[in-house]
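Shown next, in structure tokens, is the structure this report addresses.
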Amino acid sequence: MTDSSRRPLAVFDLDNTLADTAHRQHFLEGKPRNWDAFFAAAPQDPPIAEGVALAVASAGECEVVYLTGRPERCRRDTLDWLAAQGLPEGRVFMRGNADRRPARFTKLEILRRLAQGREVRCLVDDDELVCDDAERAGFRVVRARWTAKSEVLQEAQEREGRT
């Protein structure tokens, strides 16, 4: 049962939804992939105007929360980046450092947990597989299609479960 006395949740992904990762994707092109460098460069991500505007607008009616495939070890950099972009304050859900499951599994698990106590008004995410699974589970999805698709990032997300 959901608590209807509290504002609904608007759930936002980070990478390629709010933060443009194009400048750091080259770290994933080699074998082995350089995940440490990929995540170390995240504080330099430019914000994506469409995603930021939607998050700010959503804060008028919803509590904004962030749901990312980034590992927990990136929390401080992630919180600093969100604040620097003027994004609404909100809880940040991250994967465990050793969790290598694809984002479509980890994110759906957290969405279902959130929905047990609150209305989830929408999920905003760029990962088509996450979006597909969330829609099948009954969530309203806004597909963040405002950056160019990266095959390298998509493959890395599915096969290595790192973001």
Side-chain angles (χ1 to χ4, degrees), residues 1-25 38-97 99 102-150 153-154 157 162-163:
M1 178 163 299
T2 62
D3 181 351
S4 60
S5 66
R6 297 191 303 174
R7 296 183 337 149
L9 301 174
V11 182
F12 283 81
D13 171 47
L14 295 178
D15 292 339
N16 291 328
T17 298
L18 298 173
D20 188 344
T21 67
H23 72 101
R24 58 187 167 108
Q25 289 177 16
F38 178 77
F39 288 121
Q44 286 74 51
D45 288 354
I48 300 171
E50 295 90 339
V52 171
L54 185 56
V56 170
S58 296
E61 293 185 16
C62 299
E63 176 186 336
V64 173
V65 298
Y66 303 97
L67 176 56
T68 180
R70 293 179 185 184
E72 186 64 41
R73 71 179 180 276
C74 299
R75 181 169 291 276
R76 181 76 270 149
D77 283 346
T78 299
L79 294 174
D80 290 347
W81 186 89
L82 289 166
Q85 308 316 313
L87 282 152
E89 288 187 25
R91 293 175 288 166
V92 178
F93 296 89
M94 305 179 90
R95 75 170 63 239
N97 288 328
D99 188 345
R104 59 196 169 98
F105 299 124
T106 60
K107 288 184 175 183
L108 195 58
E109 180 180 290
I110 293 169
L111 278 172
R112 285 183 170 135
R113 196 172 353 142
L114 289 170
Q116 288 176 355
R118 299 279 285 280
E119 174 195 349
V120 175
R121 175 79 44 93
C122 67
L123 166 68
V124 184
D125 202 302
D126 71 305
D127 185 323
E128 294 293 335
L129 295 174
V130 169
C131 292
D132 291 346
D133 283 0
E135 283 179 337
R136 276 193 290 275
F139 293 98
R140 180 177 171 266
V141 171
V142 175
R143 293 174 188 258
R145 292 179 171 149
W146 31 79
T147 62
K149 286 290 166 213
S150 166
L153 184 59
Q154 186 173 359
Q157 288 172 324
R162 299 280 184 112
T163 184

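Just so we're clear, the structure is a prediction, and the values are computed from it rather than from any experiment.
A salt bridge is absent between D132 and K107: the closest approach of a Lys/Arg side-chain nitrogen to an acidic carboxylate oxygen does not fall below 4.0 angstrom. Residues E63 and R118 are paired through a salt bridge, judged by an N-O separation under 4.0 Å between the basic side chain and the carboxylate. Under a 4.0 Å N-O distance rule, the pair R121/E61 qualifies as a salt bridge.
Residues F93 and V11 have side chains not in contact (no heavy-atom distance under 4.5 Å, counting atoms from C-beta outward). Looking only at side-chain heavy atoms (C-beta outward), V92 and L82 come within less than 4.5 Å of each other. Considering only heavy atoms from C-beta on, F139 comes within 4.5 Å of L108 through its side chain. Counting only heavy atoms from C-beta outward, the side chains of M94 and Y66 never approach each other to under 4.5 Å.
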Exercise for review: Test V64 against S58 for side chain to side chain contact (heavy atoms under 4.5 Å, CB included), laying out the working first.
Suggested key: CA-CA 7 Å; V64 173; S58 296; 4.3 Å; yes

Practice item. Step by step, work out the salt bridge (Lys or Arg N to Asp or Glu O under 4.0 Å) result for E72 and R95. Key: CA-CA 6 Å; E72 186 64 41; R95 75 170 63 239; over 6 Å; no

Exercise for review: Take R24 and D15 through the test salt bridge (Lys or Arg N to Asp or Glu O under 4.0 Å) and record every step on the way to the result.
Suggested key: CA-CA 11 Å; R24 58 187 167 108; D15 292 339; 2.9 Å; yes

**Study point:** Audit row: R145, E50, salt bridge (Lys or Arg N to Asp or Glu O under 4.0 Å) steps and yes/no
**Key:** CA-CA 10 Å; R145 292 179 171 149; E50 295 90 339; over 6 Å; no

Exercise for review: Evaluate the side chain to side chain contact (heavy atoms under 4.5 Å, CB included) criterion for residues D45 and H23: first the C-alpha distance (whole Å), next the side-chain angles of each, then the deciding distance (0.1 Å), finally the verdict.
Suggested key: CA-CA 7 Å; D45 288 354; H23 72 101; 2.6 Å; yes

Check your understanding: Between R7 and C62, is a side chain to side chain contact (heavy atoms under 4.5 Å, CB included) present by the stated rule, with each step listed?
Key -> CA-CA 5 Å; R7 296 183 337 149; C62 299; 5.6 Å; no

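For the residue pair T21/N16, the side-chain donor-acceptor check at 3.5 Å is satisfied.
More than 12 heavy atoms of other residues, nucleotides or ligands shown are found within 6.0 angstrom of CD on E109.
Paired with R104 under the rule side-chain contact (heavy atoms from CB on, under 4.5 Å), one option of D133, D127, D125 passes, and it is D133.
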